[in-house]
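Nothing fancy with the numbering, it's 1 onward along the sequence.
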Amino acid sequence: MKLFKKQETPTGNLALLGIFAAVMGAFSIILALIPLSSLLLGLFLPLVSAVASYYTENKYLPAYVIGASALCLGLTFFNWGDTLFVVIPSIFAGSFYGFLRDKKVPSQFLIILTSVVQTLLNVAAFYILLGVTNVNIFEVLVNALQLPNDYIIPGFIVTYSIAETVLSFFIIEGVINKFSKDAFTFPKERFISPALGILFGGLSLGFAFIEIHFSYIFMVLGIYFALVGSSVLFENKPIWVYVLGGVLLLLSLFLFALLNKQFPEYSAINLASIFFISISLTSFVSIFVNKKGTINS
């Protein structure tokens with residue numbers, strides 16, 4: 001069997017997945033032995049499973065997910081906290097990435113959906129650890145990162161998950177797949193991303209007064225979709241679109257200064273959403289005008 005090529009036989013698929021499961025097992029031992037190493041090594045863990053799914057057929061992924069998870073838990077029986085909170089979500093997320101990629105899900109949604117799955121698994125692991133061992137992993141992160149409180153931790157986990165998935169995306173598409181023409185794919189209706197940027201940005205501002213943990217999560221999602229949607233602004237657009245963007249950014253500066261004292265102490269950072277809402281608005285208008293011009297022509 002030649003390693004690192006598309007596997008077409010049951011033996012080849014299972015053998016290669018076994019090798020990647022062993023790699024995940026080795027990483028899980030390192031994480032169990034070296035405190036806080038997960039903050040660095042964790043960035044690369046979903047990549048292992050994503051590469052495994054790239055070279056194998058999707059129908060073998062459930063066996064890999066179950067087998068690799070069981071192996072990692074067995075190898076780290078003496079300290080399985082990081083395995084449950086970091087390694088196993090990475091195994092699931094990386095495999096899910098490969099599944100979505102095979103289904104040709106647009107790249108921006110492939111990244112965010114994989115990140116959401118990993119975040120949900122992190123949350124599930126948090127409650128399992130808290131219930132079984134009475135260890136609050138959020139408090140551990142607060143102390144490790146020297147944060148004043150745990151408000152930002154949910155947003156941090158979402159951001160970290162997105163960073164992991166983006167890293168996997170660029171290595172798989174750029175290094176392995178040499179950025180094929182299908183690497184960056186967009187939904188038919190390109191206004192979806194800036195519309196979501198506006199939605200999540202608005203939710204971030206609203207939830208700053210209701211539930212601060214969710215407000216940070218919505219802020220991260222709003223920033224992500226604003227940046228993804230802004231890709232249209234690098235295309236050839238009428239000059240007035242960029243003038244509009246400049247005016248909206250100036251307006252966002254004014255609103256930031258005006259509302260700064262109105263927001264709760266730990267929610268002031270959510271005002272950054274105003275800047276990204278202005279970017280999403282510019283992108284949305286740009287797409288709408290371009291679409292209208294196409295129809296009229």
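Counting all heavy atoms, side chain and backbone alike, L75 lies closest to G25 at CD1-CA, 3.7 Å. Of all the heavy atoms in Y224 and S107, the pair that sits closest is OH-O, 4.4 Å. Nearest heavy atom pair, residue S280 against residue G197, reads OG-CA, 3.6 Å. Pairing each heavy atom of G155 with each of I217, the nearest pair is N-CG1, 4.0 Å.
In this structure, the separation between CD1 on I277 and OG1 on T282 is 11.5 Å, given to the nearest 0.5 Å.
The shortest side-chain heavy-atom distance between V116 and V158 does not fall under the 4.5 Å cut-off. Proximity of I111 to V166: side-chain heavy atoms (C-beta onward) are separated by under 4.5 Å at one or more points. Contact check for F169 versus Y97: side-chain heavy atoms found under the 4.5 Å cut-off. The shortest distance between side-chain heavy atoms of L45 and L31 falls below 4.5 Å. Put simply, the side chain of I112 reaches to within 4.5 Å of the side chain of F225, judged on heavy atoms. Counting only heavy atoms from C-beta outward, the side chains of F218 and L205 never approach each other to under 4.5 Å. The side-chain heavy atoms of L233 and S283, taken from C-beta on, include a pair separated by under 4.5 Å. Looking at heavy atoms from C-beta onward, S161 lies in side-chain contact with N122 at the 4.5 angstrom threshold.
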Which pairs of donor and acceptor atoms, one on a side chain in residues 80-96, lie under 3.5 Å apart (sequence neighbours left out)?
residue : atom : partner : partner atom : Å
T83     : OG1  : T76     : OG1          : 2.7
S90     : OG   : V86     : O            : 2.7
S95     : OG   : I91     : O            : 2.8

Side-chain donor-acceptor distances from residues 59-72 under 3.5 Å, at least two apart:
residue : atom : partner : partner atom : Å
Y64     : OH   : S49     : OG           : 2.7
S69     : OG   : V65     : O            : 2.6

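With hydrogens and angles ignored, the 3.5 Å screen pairs a side-chain donor or acceptor of Y160 with a backbone N or O of L43. Checking side-chain atoms of N79 against main-chain N and O of A32 turns up a donor-acceptor pair under 3.5 Å. For the pair N260 (side chain) and F256 (backbone), a donor-acceptor distance under 3.5 Å is absent. Between the side chain of Q7 and the backbone N or O of T9, no donor-acceptor pair lies under 3.5 Å. Looking only at distances, a side-chain donor or acceptor of N13 sits under 3.5 Å from a matching main-chain atom of E57.
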Start with the C-alpha distance between I153 and I157, add both sets of side-chain angles, then the distance that settles side-chain contact (heavy atoms from CB on, under 4.5 Å), and finish with yes or no. CA-CA 6 Å; I153 290 298; I157 291 175; 3.9 Å; yes
Candidate pair F276 and S230, rule side-chain contact (heavy atoms from CB on, under 4.5 Å), full reasoning: CA-CA 10 Å; F276 294 97; S230 69; over 6 Å; no
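At most 12 non-hydrogen atoms from other residues, nucleotides or ligands lie less than 6.0 angstrom from CZ of F27. More than 12 heavy atoms of other shown residues, nucleotides or ligands fall within 6.0 angstrom of atom CG in N143. Taking a 6.0 Å sphere around CZ of F78, one finds it holds more than 12 heavy atoms contributed by other residues, nucleotides or ligands.
Taking the six-membered ring for Trp and thresholds of 30 and 60 degrees, F209 and F263 have ring planes inclined between 30 and 60 degrees apart.
No side-chain donor-acceptor contact under 3.5 Å links S204 and S215. For the residue pair E164 / Q118, a side-chain donor-acceptor distance below 3.5 Å is found, with atom types taken as modelled.
Pairs of residues two or more places apart, or lying in two chains, that qualify as ring-ring contact (aromatic ring centres under 6.0 Å, His included) and include a residue from residues 115-135 are F126-F138.
Here the two rings, on Y216 and F207, have centers that are 6.0 Å apart or farther.
Ionic pairing of R101 and E173 is present here: one or more N-O contacts between side-chain nitrogen and carboxylate oxygen are shorter than 4.0 angstrom.
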